[in-house]
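Shown next, in structure tokens, is the structure this report addresses.
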Amino acid sequence: MDFERYNARVAEPKWQRIWEERQVFRASSGDPRPKYYVLEMFPYPSGRIHMGHVRNYTMGDVIARYKRARGFNVLHPMGWDAFGMPAENAAWHNKTHPADWTYANIASMRAQLKSMGLALDWSREFATCDPSYYKHQQKMFLDFLAAGLVLRKKSKVNWDPLDHTVLANEQVIDGRGWRSGALVEQRELTQWFFKITDFADDLLDALGGLPRWPEKVRLMQANWIGRSEGLRIRFELAPSPAITASEIEVYTTRPDTLFGAKFLALAADHPLAVEVARSNPCLAGFIAECRHGGTSEATIETAEKKGFDTGLKARHPFDRDWLLPVYVANFVLMDYGTGAIFGCPAHDQRDLEFANAYGLGNTPVICPGNVDPASWGITDTAYDGDGILINSRFLDGMRVAAAKEEVSKRLKAAMLGKLPQGRREIQYRLRDWGISRQRYWGCPIPIIHCGGCGMVPVPEEQLPVELPRDMSFDEPGNPLDRHPTWKHVICPNCGSPAQRETDTMDTFVDSSWYFTRFTDPWNSREPTTPPLVEEWLPVDQYIGGVEHAILHLLYARFFTRAMCRTGHVGSLKEPFDGLFTQGMVVHETYRDKDGAWLLPAEVRIKTDESGRHAYKADNGEEIAIGPIEKMSKSKKNTVDPDDIIGDFGADTARWFVLSDSPPERDVIWSEEGAQGAAKFIQRLWRLIGELASAAAPAGSSVQDATAAEATAIRRVVHGSVIQVEEDIERLRFNRAVAQVHDLTNKLSAFVGDIDTDEIATDVRLALQEAADFLVLLIAPMTPHLAEECWAALGHTGLAAEAPWPAADRALTIEDTITYPVQVNGRKRAELIIARDANLAAVEAAALALEAVQRALERRPAKKIIVVPNRIINVVG
RNA sequence: GCGGGCGUGGCGGAAUUGGUAGACGCGCCGGAUUUAGGUUCCGGUGAUGCAAAUCGUGGGGGUUCGAGUCCCUUCGCCCGCACCA
């Protein structure tokens, strides 16, 4: 065997072929081993994989391979999140059909992923744009509809008045349509919604049962759901010719501040505002102004607080003679609460700014507990903390919580008309999930609109409703709507002419259940096979970017509940037991003297004592090294995984992305680092060769290794196994890498010290074990190299199928302990003493040390603290 | 504004969760091998100091035998969410 140079270019495809031929990574159900489901968020087939994919899939692969070695029946599948806008954009730009574009991308990305040597069960692969996938999604839509989990209602969209098309938020650039440049308007469309709010409480409460999720993600979801407990309060209106209504209902979480109220404010779309506007052109103008500028939060955010006095007056619920002005305000949202608020400037910052702008007054009603009420007055910023009620009649002297109770109690007792004035209510920030998209490249919504029968579900035997193939994409708008024949159908109910729904589903729907489909992608009749879902799910380890912390993960959790209710997932409640959100791959940026971005490949880096310098590769001109940023085409700071794999091999790329940075943080890709990883691959190969030539032949027993040298070697090796094991279990891949480096250094030193002519048999045996264990340790991370080494060491099976090395913990315990000895908290000496020495002996030995005596200046110690097996501190 | 996080050598980062600060890697310095470069191997590398030693985890204070870790305070940076009543 030639250990001169490891040739990844030859070895990697060879082992990939062998794994595939032997179907090593195919998972099967009904296996007696415990199951383990590893899943990385499946990729959008954009065309090429990027380093972020490499990092994501390498992490999952390490876990999959490690768990397999630990005796688990591992499911590690791959698929494609294949519907989406980029395919339609490509169709528009390049005149390619979205399907052709998508499937070509899938083909090239599949080849790229395969070149990474991932331990995937490719037999379960699917793309969400396959009719054989979306057929089941349509079935589930109908099941959800039947179960009352789907509704139709109006919602606002970004409308491009020139292109006559709905725009996604990302298609709105500075308030204008990305293609037409026209000013975007808000328009109401009737759309399909999933009733995610039905599960708001459960989705919130169940977060507590997800200890293996990052705290951060659970918090983000909790904030997104945004549960708040408050009170609906009905205010009587003073009679006015402009309106027919006699009251306004507001929602508040701060009923305690009711005596600090200075005004009421309505959303621009509030029915009462609209009604008053009919007889008030100025107000109508203001409302139109509020509607301008799109729906996106960013635009609202920057807007200045504006209002318009309707002239209406509302009576304070506790004092009929106290009249409050009613405004329409741009900061009140129609979608939240009742679309109307009462404003208390003293204790809400927005209300304060509004009241100041319109001179509406300010009366503080809550005084912080540690402040004398006599000295407490109007403040520059609203005070929203706890305290004692003041200026509030019967509430005076109460704390906030008690005042809330009291107001609630009294308003529930007070009647307005025939109903109580106040009603407790829990509100959520979470809104129902609008899934209608006016696009072609998505899953068609299986509904037929019939003039006589209304909305008719497409009968199950007619599914899938397939996307028509003959399309033109040279005009804006929804291509499906323009198709000459597709939407014209016969009503399945009454047989008269009817029309298909031409909206397609949000692509988040596709990714909300794919993890269940992987458990039985061959089921052509049903979306899932519930017993198989129950066998494999929940996903034990899910890995992906933190950018999906809210929407995707929340939708998937909703879908699991909805599928549970409709009988598709057995008793499964939560889809992902363990979640890990990995950081990005980032890279330096380079700009030449004209400010043009340069690719890393066009740059040479030199480092000396004065630091790093970058030079243009072609003419040597020095260029500026810019900040380290997320890899992006626009800044040209990208590295193509294909180039790295082609130059150094997949194992080098895998090793690099696992090294250095903790996986949840960003990792900086650098050319030096990639070189370093490649060198280390070669070093491992050479070390295995050296170990092999000194070692006993494979298959010999190590049981009788007794020489001190052999024990020392085994102690190091077994200790490393324990460390790497722990690091992989805890997803601390950077530490596992460091541990392997460390073991490599130590084994190199051993081999270097050994006189190869005179090696005791038990040392040979220890070295043989060291070689085997080292190979198995690196196998999850650099699987191709591991196979090559495994074969070179004389094993007949595959490293990928070998069990994880069994560490002997007893071996790692030495009979002596080396204590650091501190005097007054400062390390002065080391004490080597028998592990079984008693406390008095340890203390005496520590005090007897010359360095300790010197540090104590020969005076007696006041106190001595011995932390068993850890440290000794002498107090002088 | 609210919520969360972070701050350790030239750089990425370790630190047994209150117990030897700087593991491991990158870079750099010196040496060996080499015609040379690269590779490889050996040694060094927090600061000051000839040394003994002293200082050192953004700053200040505290708790403790002992603090990078806990508490208070302050400065700086990053991320998430938001006119959500």
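On a predicted model such as this, the values are computed, not experimentally measured, just so you know. Quick note on labels: first sequence line is chain A, next is B, and so on, each numbered from 1.
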In this structure, how many angstroms lie between the [atom2] atom of [N] and the [atom1] atom of [X], rounded?
X: A/Asp666; N: B/rG80; atom1: CG; atom2: P; value: 11 Å
X: A/Arg429; N: B/rA85; atom1: CZ; atom2: P; value: 10 Å
X: A/Tyr428; N: B/rC81; atom1: OH; atom2: C1'; value: 19 Å
X: A/Trp669; N: B/rG25; atom1: CH2; atom2: P; value: 19 Å
X: A/Glu672; N: B/rC28; atom1: CD; atom2: P; value: 8 Å
X: A/Phe733; N: B/rG13; atom1: CZ; atom2: P; value: 17 Å
X: A/Lys746; N: B/rC24; atom1: NZ; atom2: P; value: 8 Å
X: A/Ile871; N: B/rA15; atom1: CD1; atom2: P; value: 17 Å

Ignoring the backbone of [X], work out which of [options] is nearest its side chain.
X: A/Arg730; options: B/rA85, B/rU20, B/rU17; result: B/rU17
X: A/Arg686; options: B/rC65, B/rA85, B/rC41; result: B/rC41
X: A/Asp742; options: B/rA85, B/rA14, B/rC24; result: B/rC24
X: A/Val332; options: B/rG19, B/rA85, B/rG13; result: B/rA85
X: A/Lys863; options: B/rG13, B/rC24, B/rC65; result: B/rC65
X: A/Ser661; options: B/rG12, B/rC65, B/rA82; result: B/rG12
X: A/Trp224; options: B/rG19, B/rC81, B/rA85; result: B/rC81
X: A/Arg665; options: B/rG25, B/rA14, B/rC55; result: B/rA14

Can you tell me the base-pairing partner of [N]? Count Watson-Crick or G-U wobble geometry only, both distances below 3.5 Å, and say none if there is no partner.
N: B/rA23; result: none
N: B/rU54; result: B/rA47
N: B/rG38; result: none
N: B/rC2; result: B/rG80
N: B/rG7; result: B/rC75

Can you tell me how far [atom1] in [N] sits from the matching atom in [M], rounded to whole Å?
N: B/rC71; M: B/rA47; atom1: C1'; result: 30 Å
N: B/rC55; M: B/rA67; atom1: P; result: 13 Å
N: B/rC77; M: B/rA32; atom1: P; result: 49 Å
N: B/rA82; M: B/rC11; atom1: C1'; result: 37 Å
N: B/rC6; M: B/rU54; atom1: C1'; result: 30 Å
N: B/rU45; M: B/rG10; atom1: C1'; result: 11 Å
N: B/rG38; M: B/rG31; atom1: P; result: 14 Å
N: B/rG4; M: B/rG9; atom1: P; result: 27 Å

Does the plane of the ring in [X] sit parallel, tilted or perpendicular to the ring in [Y]? Use 30° and 60° as the thresholds.
X: A/His548; Y: A/Phe508; result: perpendicular
X: A/Tyr327; Y: A/Phe263; result: perpendicular
X: A/Trp685; Y: A/Tyr6; result: tilted

Has [X] got a side-chain N or O lying under 4.0 Å from the OP1 or OP2 atom of [N]?
X: A/Asn734; N: B/rC24; value: no
X: A/Arg826; N: B/rC65; value: no
X: A/Lys216; N: B/rG5; value: no
X: A/Arg870; N: B/rU17; value: yes

* Going by atom types only, do A/Gln427 and A/Arg227 share a side-chain donor-acceptor pair under 3.5 Å? ->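 Distance-only check fails for A/Gln427 and A/Arg227.
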* Between A/Asn734 and A/Arg665, does any side-chain donor sit less than 3.5 Å from a side-chain acceptor? ->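 The criterion, which ignores hydrogens and geometry beyond distance, is not satisfied for A/Arg665 and A/Asn734.
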* Would you say the side chain of A/Asp660 and the base of B/rG12 hold a donor-acceptor pair, judged only by whether the two atoms sit under 3.5 Å apart? ->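 By the distance-only test, yes, there is a pair.
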Identify whether any heavy atom of [X] sits under 4.0 Å from a base atom; if not, whether one sits that close to sugar-phosphate; answer base, sugar-phosphate or nothing.
X: A/Leu219; answer: sugar-phosphate
X: A/Asp351; answer: nothing
X: A/Arg227; answer: nothing
X: A/Val874; answer: nothing
X: A/Lys862; answer: nothing
X: A/Ser659; answer: nothing
X: A/Val875; answer: sugar-phosphate

Pairing of [X] and [Y] as salt bridge, 4.0 angstrom limit:
X: A/Glu729; Y: A/Arg732; result: no
X: A/Glu664; Y: A/Arg730; result: no
X: A/Arg254; Y: A/Asp348; result: no

* Identify whether the glycosidic angle of B/rU54 places it syn (within 90° of 0) or anti. =>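 Anti conformation here, the glycosidic angle of B/rU54 being more than 90° from 0.
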* Conformer about C1'-N of B/rG9 - syn within 90° of 0, anti elsewhere ->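 The base of B/rG9 is oriented syn (glycosidic angle within 90° of 0).
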* With A/Asp742, which residues qualify under side-chain hydrogen bond (donor to acceptor under 3.5 Å, both in side chains), at least two apart? ->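 side-chain hydrogen bond (donor to acceptor under 3.5 Å, both in side chains) check on A/Asp742 returns A/Lys746.
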* Would you please name every residue forming a side-chain hydrogen bond (donor to acceptor under 3.5 Å, both in side chains) with A/Trp213, sequence neighbours left out? =>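 Result, side-chain hydrogen bond (donor to acceptor under 3.5 Å, both in side chains) vs A/Trp213: none returned.
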* Do any of residues 817-824 of chain A sit with a heavy atom less than 4.0 Å from RNA chain B, and if so which? ->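 Correct list: A/Pro820, A/Gln822.
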* Asked: Are side-chain heavy atoms of A/Val717 and A/Leu774 found at a separation under 4.5 Å?
  ->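 A side-chain contact is absent here, since even the closest heavy-atom pair is not under 4.5 Å.
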* Asked: Mapping A/Arg735 and A/Ile872 onto RNA chain B by nearest heavy atom, which one lands closer to the 5' end?
  ->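 The 5'-side residue here is A/Arg735.
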* To do: Nearest-nucleotide wise, let me know which of A/His741 and A/Val667 is further upstream toward the 5' end of RNA chain B.
  =>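 Taking each residue's closest nucleotide, the earlier one in sequence belongs to A/Val667.
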* **Stacked cation flag A/Arg429 on A/Trp224, 6.0 angstrom / 45 deg** =>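 Yes, a cation-pi geometry holds between A/Arg429 and A/Trp224.
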